[in-house]
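Whatever order the structure lists them in is the order used to number ligands and atoms, beginning at 1.
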Amino acid sequence: MKDEVLAALRERGGYVSGQELCDRFSVSRTAIWKAVSKLKEEGYEIDSVPNRGYCLLTSPDAMTEAEIRSYLHTEKMGKSLVCFADTDSTNIQAKLLAEQNAPDGTLVCSDQQTKGRGRRGRAWDSPPGEAIYMSLLLRPDIHPEHASMLTLVMGMAVADAINELMGGESAGIKWPNDVVLKGKKVSGTLTEMSTEMDCIHYVVIGTGINVNTQKFPKELDQATSLRLAAGHNFRRAELIALCMKYFEKYYALFERTEDLSLLIDEYNRLLVNRNREVRVLEPGNEYTGLALGINNQGELLVRRENGRVDEIYAGEVSVRGVYGYV
Ligand code: BTN
């Protein structure tokens, strides 16, 4: 009941009478009062005025089911939701849930991680109270070779979600899927999957977003947060819900063609490397070229000095700006 009451108060944005809540959820006044008391215990400030009802004044920046659900308006993505105060890694937990038949679109979130993992076997620093750690479980009916493109789809969703929340067009994508703000990394995604022959059992798309981080360790000098870029805090649950909204929209377009052909224009619009000199770091073969954009498979097109255009597949290859990270 707590989740429903919170969602109703947030939706209204003003006073909602106790009677209206009772009628809407077919429960007693005591049940509503108990739900409001629980929310207050969790840090929500709720005003109650006789004859007017309840009004949500302030909310904590909590990574709880109630908080995330109160912002979520998707059909499938995140509808099945599991939230942890602390866990090893949301990717690990999403994979465990997948093995236990959790449904397509299940979202796992945590306030902190003790074994957060990044790409290329790196650790992902995951302190509490300031960032988003989330993993989305999908059961796509596509060929396993096409699944790596889902990482790019999530990158687009995160960039658009950040831009909507910050009210501007400041977030972009560094190929293939790092989201950057003012030239620094604000989000990364690690996709893992379980396959057999030509079929996918499940895919887990794990994303970390630095939201209210104020300071990074020295070795993470290329990292930034929404807070550092904008100068104020953001509500993590709201950003999660926006990521799910955009991911659901883009995933539907991806599923139609099993490639990025319906998303390529939006992706290339967000691509910060576009029309810039990049350094391609391929094991045993490093070179500089002009990044033109991606193709329908998500490969980066790079024009070399001799005019030849290479199609770069993300796997082993990474790309840097000639003068720095982007
Ligand atoms: C990268 O190296 O850029 C990818 C980072 C992915 C981090 C996220 S945080 C949520 C999920 N759980 C993990 O252990 N990793 C991903």
Side-chain angles (χ1 to χ4, degrees), residues 63 68 77-78 81-98 102 106-138 147-159 161-162 171-181 183-194 202-213 216-217 219-226 236-237 239-240 243-244 247 270-273 281 298 300 314-321 325-326:
M63 288 276 277
I68 296 169
M77 301 303 159
L81 180 61
V82 179
C83 294
F84 293 98
D86 187 5
T87 191
D88 44 8
S89 150
T90 53
N91 267 31
I92 295 178
Q93 293 304 317
K95 287 191 277 179
L96 286 173
L97 287 165
T106 296
L107 182 67
V108 182
C109 300
S110 185
D111 185 54
Q112 61 180 311
Q113 299 182 120
T114 49
K115 281 191 193 150
R117 292 177 308 170
R119 293 170 70 211
R120 300 172 199 279
R122 297 194 192 110
W124 185 261
D125 207 24
S126 309
E130 57 187 42
I132 290 171
Y133 315 111
M134 64 178 183
S135 299
L136 185 64
L137 164 65
L138 296 175
S148 61
M149 284 183 258
L150 289 169
T151 315
L152 280 73
V153 178
M154 183 58 90
M156 288 174 66
V158 172
I162 291 175
I173 298 176
K174 173 182 174 285
W175 183 82
N177 70 305
D178 284 357
V179 178
V180 296
L181 264 179
K184 292 188 163 195
K185 177 165 171 171
V186 72
S187 166
T189 293
L190 171 70
T191 298
E192 300 181 86
M193 59 177 165
S194 160
Y202 60 81
V203 177
V204 166
I205 308 175
T207 301
I209 311 176
N210 305 323
V211 184
N212 297 322
T213 319
F216 290 95
E219 62 277 16
L220 295 181
D221 59 338
Q222 283 162 348
T224 192
S225 67
L226 271 70
R236 288 176 294 168
L239 182 54
I240 291 173
C243 290
M244 291 300 105
F247 186 84
L270 289 165
L271 186 65
V272 291
N273 314 98
L281 310 172
L300 186 67
E316 283 295 297
V317 186
S318 64
V319 161
R320 305 210 147 270
Y325 168 67
V326 177

CG on L190 to CE on M154, rounded to 0.5 Å: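 These two atoms lie 12.0 Å from each other.
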May I ask you to identify the nearest protein heavy atom to [atom], giving residue, atom name and distance to one decimal place in Å?
atom	value
atom 5 (C) of ligand 1	W124 CE3, 3.3 Å
atom 3 (O) of ligand 1	K185 NZ, 2.7 Å
atom 15 (N) of ligand 1	R117 O, 2.7 Å
atom 10 (C) of ligand 1	T90 OG1, 3.2 Å
atom 9 (S) of ligand 1	Q113 NE2, 3.5 Å
atom 2 (O) of ligand 1	R119 N, 2.7 Å

Non-hydrogen atom of R120 closer than 4.0 Å to ligand 1: no
Just checking, any donor-acceptor pair under 3.5 angstrom between side chains of [X] and [Y]?
X	Y	value
T207	T189	yes
D88	Q93	yes
E192	N91	yes

Nearest heavy atoms of V158 and S187, plus distance in Å: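 In this case the closest contact between V158 and S187 is CG1-OG, 3.7 Å.
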